[in-house]
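Shown next, in structure tokens, is the structure this report addresses.
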Amino acid sequence: MPELPEVEVIRRGLEKYILGKTIQKIEILGSKTFQGDPKNVEGESVVAVWRRAKMLGLELGEITLLFHLKMTGQLVYISDKRFVGGHPTEDMKGKMPSNSTRVIFTFGDNSKLYFNDQRRFGWVRVVKSAKCKVQNEGILGRLGPEPFDKNFTWQILKSNLLNHKSQPIKVAIMDQSVVSGVGNIYSSESLFLAKIDPRRKVSELSDQEFKSLHRGVIKSLRDGIKHGGSTRAHFVNVEGERGYFLDYANVYGKEGYKCNNCPGKVQKIQLGGRGTYFCSSCQK
DNA sequence: CACTTGACCTGTCCGC
DNA sequence: TGCGGACAGGTCAAGT
């Protein structure tokens, strides 16, 4: 599911609600989802909630709970059997855990965090904190720069993309070693903002186009966060609320609609096996 | 070696 | 109403 904006929206919600709380109990309903020994986690307190690419870390001192939500993962926080804020979606009302709940964390104040994941691609792993922080090894090692970091310049973007010279730019920009956190929705949106045809080979792009794309990536991700993330089917924040970025998106999911920028129509094609949306009249 | 397809899972939607 | 197939936010592995 979530790309960078959705994971960041979840991170902010977790920071608000569970920072400082002690994990008292872990119930594992889907054994594949939880990797590691829950005994090492029970009794530990959350000292930080961070995000790297599309992964979330709950820092517990010596160890960290590392989450990847993949396509349909959700983290929903419930206090006293009521939603803390917002409005529960219909299918959540009165029935948590739902049939897709895989792990339930109970905190010292008896509030709970539900890890739901319909397709079971997502996971949470118990890892050593120190290893997590060393970004040159392990699971975080192959990730490209964070798009909001100062060190993510257009020159770095260009240089990383040039490791994928012959790929279509849409496929290359989704590679997590190029820039981390861009997935199928925001890649289409970034290329629309940059006015670049998603089928173009990386090797054909000019410096001006790398600059535009760099701006487009940052702007589309920021807009995603601003609107609470993208909900196609599953994404909700920790309060169970959907996100509204897709109401503002230019091309994703807009097949057949008029382009926001010209008289053309938005088209849908397949690239690297993924649905790709663009306007062939103004993306060249 | 570069690129594509399949696998991992479950659910929904669409056409017949 | 039922059935088959395509498709869905991600990432690996295997195949060509």
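Letters go in sequence order (proteins before strands), and every chain restarts at 1. The structure presented is a predicted model; accordingly, all values stated were derived computationally and were not measured.
The shortest distance between the side-chain N/O atoms of A/K54 and the OP1/OP2 oxygens of C/dT11 is below 4.0 Å. Between A/H68 and the phosphate of C/dG10, there is no side-chain N or O to OP1/OP2 separation shorter than 4.0 Å. A close approach under 4.0 Å does occur between a side-chain nitrogen or oxygen of A/R274 and OP1 or OP2 of C/dG9. Contact annotation: A/K268 side-chain N/O to C/dA8 OP1/OP2 distance is under 4.0 Å.
In this structure, CG of A/D117 is placed 12 Å from C1' of C/dG9, rounded to the nearest angstrom. Across the protein-nucleic acid pair, A/K32 atom NZ and C/dT11 atom P stand 15 Å apart, rounded to whole Å. Taking atom CG of A/L75 as the reference point, atom C1' of C/dG9 lies 15 Å away to the nearest angstrom. In this entry the distance linking CD1 of A/I173 with C1' of C/dG9 reads 17 Å, nearest Å. Taking atom CD1 on A/I269 and atom P on C/dC7, their separation rounds to 14 Å, with Å as the unit. Between A/L271 atom CG and C/dC7 atom P there is a gap of 14 Å when expressed in whole angstrom units. Remark: C1' of B/dC13 and NE2 of A/H234 are 13 Å apart, rounded to the nearest angstrom. Regarding A/L69, its CG atom lies at a distance of 15 Å from the C1' atom of B/dC9, rounded to whole Å.
Annotation: C/dG10 and B/dC1 have their P atoms spaced 28 Å apart (nearest Å). A distance of about 22 Å separates the P atoms of C/dT11 and B/dG11, rounded to the whole Å. Nucleotides B/dC8 and C/dC3 place their P atoms 24 Å apart, quoted to the nearest Å. B/dC9 and C/dG2 have their P atoms separated by 28 Å, with the value rounded to a whole Å.
The side chain to side chain donor-acceptor pair (under 3.5 Å) check on A/T33 picks up nothing, with sequence neighbours excluded. Legend: residues meeting side chain to side chain donor-acceptor pair (under 3.5 Å) with A/R199, ordered by chain and number and at least two apart, are A/D197.
Contact annotation for A/F245: no contact, since no heavy-atom pair falls under 4.0 Å across all strands. Counting any heavy atom pair closer than 4.0 Å across all strands shown, A/T231 reaches a base atom.
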Fill in: Strand DNA chain B in bracket notation, Watson-Crick/G-U under 3.5 Å with | for pairs to another chain
.|||||||.|||||||

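A salt bridge is absent between A/K265 and A/E255: the closest approach of a Lys/Arg side-chain nitrogen to an acidic carboxylate oxygen does not fall below 4.0 angstrom. Using a cutoff of 4.0 Å between basic side-chain nitrogens and carboxylate oxygens, A/D223 and A/K219 are scored as salt-bridged. With respect to the salt-bridge test (charged N to carboxylate O, under 4.0 angstrom), the residues A/E209 and A/K211 do not qualify.
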Fill in: Derivation of the salt bridge (charged side-chain N to carboxylate O under 4.0 Å, His left out) call for A/R11 and A/E8
CA-CA 5 Å; A/R11 189 199 69 75; A/E8 178 60 22; 3.1 Å; yes

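For A/Q118, counting side-chain heavy atoms from C-beta on, the closest listed nucleotide (C/dG9, B/dG11, C/dT11) is B/dG11. Checking B/dC9, C/dG9, C/dT11 against every side-chain atom of A/Q176, the shortest atom distance belongs to C/dT11.
Looking at A/R120, its side chain has no donor and acceptor atom pair within 3.5 Å of the base of B/dC9.
The aromatic rings of A/H227 and A/Y248 lie parallel to each other, their planes meeting at an angle below 30°, with 60° marking the opposite boundary.
Taking the 5.5 Å centre cut-off and the 30° plane limit, the aromatic side chain of A/F121 is classed as stacked on B/dC8.
Residues A/T64 and A/E59 bring a donor and an acceptor atom of their side chains to less than 3.5 Å of each other.
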